[in-house]
There are 2 protein chains.
Amino acid sequence: MKTTGEIIREKREKKGLLLRHVSAQLDIDTAILSKIERGERKATREQITKLADILELDKESLLIQYLSEKILYEIQDEDLGIQALKVAEKTIKYGVTKNK
Amino acid sequence: MKTTGEIIREKREKKGLLLRHVSAQLDIDTAILSKIERGERKATREQITKLADILELDKESLLIQYLSEKILYEIQDEDLGIQALKVAEKTIKYGVTKNK
DNA sequence: TTTACATTTGACAATTATTGTCAAGTTAAT
DNA sequence: ATTAACTTGACAATAATTGTCAAATGTAAA
């Protein structure tokens with residue numbers, strides 16, 4: 001499966017846009033967008049939705065990919081990561097969030 | 001399923017330990033431990049393993065619960081959270097982490 | 001080949017989030 | 001009423017994230 005960065009870079013290039021075009025719209029330096037595309041930095045959630053707009057990418061799929069990477073980042077090099085994921089899934093399916 | 005905080009509080013009380021006893025061993029103020037137990041603050045990973053030692057709790061289960069709460073925190077009030085979880089799970093099962 | 005432009009890199013600054021202290025406020029049992 | 005345990009909230013310290021900038025590197029056309 002393609003990473004968020006790969007999805008963004010591929011679509012940007014397909015549209016013939018330069019880093020400076022897109023980063024200007026995001027109001028950040030080209031350096032950051034470069035890093036985001038190469039997976040060296042994470043985007044913010046806001047940047048992801050803006051990118052979906054700018055590049056005409058499906059917002060939901062992009063967000064799902066982005067969020068899944070955030071999750072994986074949390075459990076990187078945790079032996080118990082998979083088990084934690086399963087518990088999280090059960091919890092969310094069961095009763096959503098616990099309210100006082 | 002019990003939250004990390006509930007597990008900790010219940011076991012601490014079962015052992016007859018006061019907040020100040022345990023928080024001293026963790027080298028933090030009682031206020032923080034109080035908040036951790038009530039779910040108002042997240043513990044650090046290190047605090048979790050220390051708490052497992054101090055309270056003689058199973059380290060793995062406590063960590064799994066703790067990590068799953070961190071994951072759920074990341075996707076709280078995200079409509080696409082469940083889907084992101086599933087993608088994360090597939091990814092982790094597939095090839096672990098991507099190496100250049 | 002050098003000029004021109006796009007991208008990358010890395011040091012560092014700004015900003016934001018997390019983790020902590022402290023002191024005053026509750027609660028509950030005498 | 002006193003005392004001890006716990007809670008609360010304002011704020012300080014620390015750490016992580018997000019950003020800028022300038023120099024370095026790649027790339028291709030003239």
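The sequence lines fix the lettering, A, B, ..., with proteins before strands; numbering per chain opens at 1. These figures come from a predicted structure and were not determined experimentally.
Taking atom CZ of residue A:R45 and atom C1' of nucleotide C:dA17, one finds them 18 Å apart after rounding to whole Å. Between the CD atom of B:E46 and the P atom of C:dT19 there is a distance of 12 Å, rounded to whole Å. In this structure, the NE2 atom of B:H21 is 13 Å from the P atom of D:dA4, given to the nearest Å. In this structure, B:L19 places its CG atom 17 Å from P of C:dT27, rounding to the nearest Å. When rounded to the nearest whole Å, the span between CG of B:D29 and C1' of C:dT18 equals 16 Å. Taking atom NZ of residue A:K42 and atom P of nucleotide C:dT16, one finds them 16 Å apart after rounding to whole Å. In this structure, A:E69 places its CD atom 15 Å from P of D:dT17, rounding to the nearest Å. Rounded to whole angstrom, the span from the CG atom of B:L33 across to the C1' atom of C:dG20 amounts to 13 Å.
Under a 4.0 Å N-O distance rule, the pair B:K59/B:D53 qualifies as a salt bridge.
Under the 4.5 Å side-chain heavy-atom criterion for ILVMFWY residues, a single connected hydrophobic cluster contains both A:L62 and A:M1.
For A:T44, taking side-chain heavy atoms from C-beta onward, the closest of the listed nucleotides D:dT18, C:dT19, C:dT9 is D:dT18. For A:I28, the side-chain atoms get nearest to D:dG19 when compared with the rest of D:dG19, D:dC21, C:dC22. For A:A31, the listed nucleotide lying nearest its side chain is C:dG10; candidates were D:dT7, D:dT17, C:dG10. Checked against C:dG10, D:dA5, D:dG19, the side chain of A:R41 finds its nearest nucleotide in D:dG19.
Across the interface with DNA chain D, nearest-nucleotide mapping of A:D27 and B:L18 shows B:L18 to be the residue nearer the 5′ end.
Residues that satisfy the side-chain hydrogen bond (donor to acceptor under 3.5 Å, both in side chains) test with B:K2, not counting sequence neighbours, are B:E10.
Checking side-chain atoms of B:R38 against main-chain N and O of B:S34 turns up a donor-acceptor pair under 3.5 Å. Judged by distance alone, the side chain of B:Y66 and the main-chain N or O of B:T49 form no donor-acceptor pair under 3.5 Å.
Contact annotation: B:R20 does not reach the phosphate of D:dA4 (side-chain N/O to OP1 or OP2, under 4.0 Å). Contact check, A:R38 against C:dT9: a side-chain N or O comes under 4.0 Å of OP1 or OP2. Taking 4.0 angstrom as the limit, B:Y73 places none of its side-chain polar atoms (N or O) nearer than this to OP1 or OP2 of C:dA17. One finds a side-chain N or O of B:S34 lying less than 4.0 angstrom from the OP1 or OP2 phosphate oxygen of D:dT7.
Contact annotation: the side chain of B:L57 never approaches that of B:L51 to less than 4.5 Å [non-hydrogen atoms, C-beta and beyond]. Inter-residue side-chain proximity for B:E6 and B:T3 is flagged as met; some heavy-atom pair is nearer than 4.5 Å. Looking at heavy atoms from C-beta onward, A:L19 lies in side-chain contact with A:R12 at the 4.5 angstrom threshold.
Within residues 9-17 of chain B, no residue places a heavy atom under 4.0 Å from DNA chain C.
As judged by a 4.0 angstrom heavy-atom cut-off over every strand, A:I32 is placed among the base-contacting residues. At a threshold of 4.0 angstrom between heavy atoms, the contacts of A:Q47 are confined to the sugar-phosphate backbone, with no base atom among them.
Remark: the B:K35 side chain and the D:dG9 base include a donor-acceptor N/O pair separated by less than 3.5 Å.
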